[in-house]
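Convention: sequence-line order gives letters A, B, ...; per-chain numbering from 1.
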There are 2 protein chains.
Amino acid sequence: MTIKDAMNLLRKKGYKMTDRREEILKFFSDEAENKYKTAKDLYDHMEKRYPGISYDTVYRNLHLYHELGILESTELDGEKHFRMTCGGSHHHHFICKICGTTKKLNFCPMDYVSKLLGQYIIDDHKFEVYGLCPKCITTN
Amino acid sequence: MTIKDAMNLLRKKGYKMTDRREEILKFFSDEAENKYKTAKDLYDHMEKRYPGISYDTVYRNLHLYHELGILESTELDGEKHFRMTCGGSHHHHFICKICGTTKKLNFCPMDYVSKLLGQYIIDDHKFEVYGLCPKCITTN
DNA sequence: TTAGTATATCGTAATGATTACGATTTGTAA
DNA sequence: TTACAAATCGTAATCATTACGATATACTAA
């Protein structure tokens, strides 16, 4: 998902384009590219450019972007983390515990597991690998 | 993990056996067998038998049991859930979104994925399937 | 270009899960 | 039975998140 795609989607759905909304998109596509970041991370970034910004604004837009599929999220250590949705075919991620960097894993365990759950209704699944990325290995 | 195993482990490690600690083990091996339950679920259960029990007691023992490997935990909808550790070889779970019931999945995606992460340090992974168990399908 | 209006934001309070801690009670070893 | 470390209680504090009335702003239509 690119900034342009996201902005077009927002306009198409009738949402207003504000400078805050644009800056949030910039944060996730530039500074936090391919990284999972928390609401706090985003707040700290926004606060530099828009002193006095409200947490309400941060959370409201995170939720909106998540609903619209602009952001994807996961829960790490009891805190929600967000990143730009990465398109393409269904896949999962390795996530660095230190910096949140992700690496695409083109593999889905459901290809092997669905058939083991005949009498169950499957709604969803989660597969994530955690550890250190090459960059954080060398600097820690 | 059985109640007896857990009590022996506690004694071996020098922890005291209290009636609260025993009741917590009973909760997870009887009422909540093979189910993921929250701190609140446990608190409500304990409150019936020990009116005025403190959340401190509930959380302190959940953490202790988790550290000792008596309980395993996962985060669902922003809330920690616990269940008796189920032994045997490494595996993952289907988890019912309504009642927390789990079903063992004798499959681990890491058998397929480790080799894709040569230059990464892998510390941990999570694979869970969510949906409805047969019982909740019929009653909902 | 401007006025009108729905939407977005701010400032701040409330909520819910979890953690923390001093005072009191209790399990266990001697 | 006593001594004391550990466990519990009662309650306050913390942290992430949600909520909401008042104000400001983006967008539409004239």
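- Remark: Phe27(A) pairs with His45(A) by the ring pair (Phe, Tyr, Trp, His ring centres under 6.0 Å) rule, at least two apart or across chains.
- Ile24(A) contributes atom CD1, which lies 12.5 Å from atom OH of Tyr43(A) (distance to the nearest 0.5 angstrom).
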| Between Tyr112(B) and Tyr112(A), does a ring-ring contact (aromatic ring centres under 6.0 Å, His included) hold up when you go through it step by step? | CA-CA 11 Å; Tyr112(B) 298 81; Tyr112(A) 298 81; 4.6 Å; yes
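- Across Cys96(B) and Cys133(B), no two heavy atoms sit closer than the pair SG-N, 3.5 Å.
- Of the residues in residues 43-67 of chain A, Asp56(A), Tyr59(A), His63(A) come within less than 4.0 Å of DNA chain D through at least one heavy atom, sorted by number.
- Placement of Ile122(B) and Leu105(A) within a single hydrophobic cluster is found when ILVMFWY residues are connected by side-chain heavy-atom separations under 4.5 Å, directly or transitively.
- Under a cut-off of 6.0 angstrom, the local environment of CG in Asp77(A) is sparse, with at most 12 non-hydrogen atoms contributed by other residues, nucleotides or ligands.
- dT8(D) atom P lies 12 Å from atom CD of Glu22(B), rounded to whole Å.
- Taking atom NZ of residue Lys13(B) and atom P of nucleotide dA6(D), one finds them 15 Å apart after rounding to whole Å.
- A donor-acceptor contact closer than 3.5 angstrom links the side chains of Thr74(A) and Lys126(A).
- In this structure, the NE2 atom of His81(B) is 12 Å from the C1' atom of dA17(C), given to the nearest Å.
- Of the two residues contacting DNA chain C, namely Arg21(A) and Lys80(B), the nearest-nucleotide position lying further toward the 5' end is that of Arg21(A).
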| request: Check step by step if side-chain hydrogen bond (donor to acceptor under 3.5 Å, both in side chains) holds for His125(B) and His92(B). | output: CA-CA 10 Å; His125(B) 65 283; His92(B) 295 277; 3.2 Å; yes
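- Rounded to whole angstrom, the span from the CG atom of Asp77(A) across to the P atom of dT17(D) amounts to 12 Å.
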| task | Summarise how protein sits on nucleotides 22-30 of chain D as a single string, 5' to 3': B when a protein heavy atom is under 4.0 Å from the base, S for sugar-phosphate-only contact, - for no contact. | result | ----BS---
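- Between Arg20(A) and dC10(C), a side-chain N or O to OP1/OP2 separation shorter than 4.0 Å is present.
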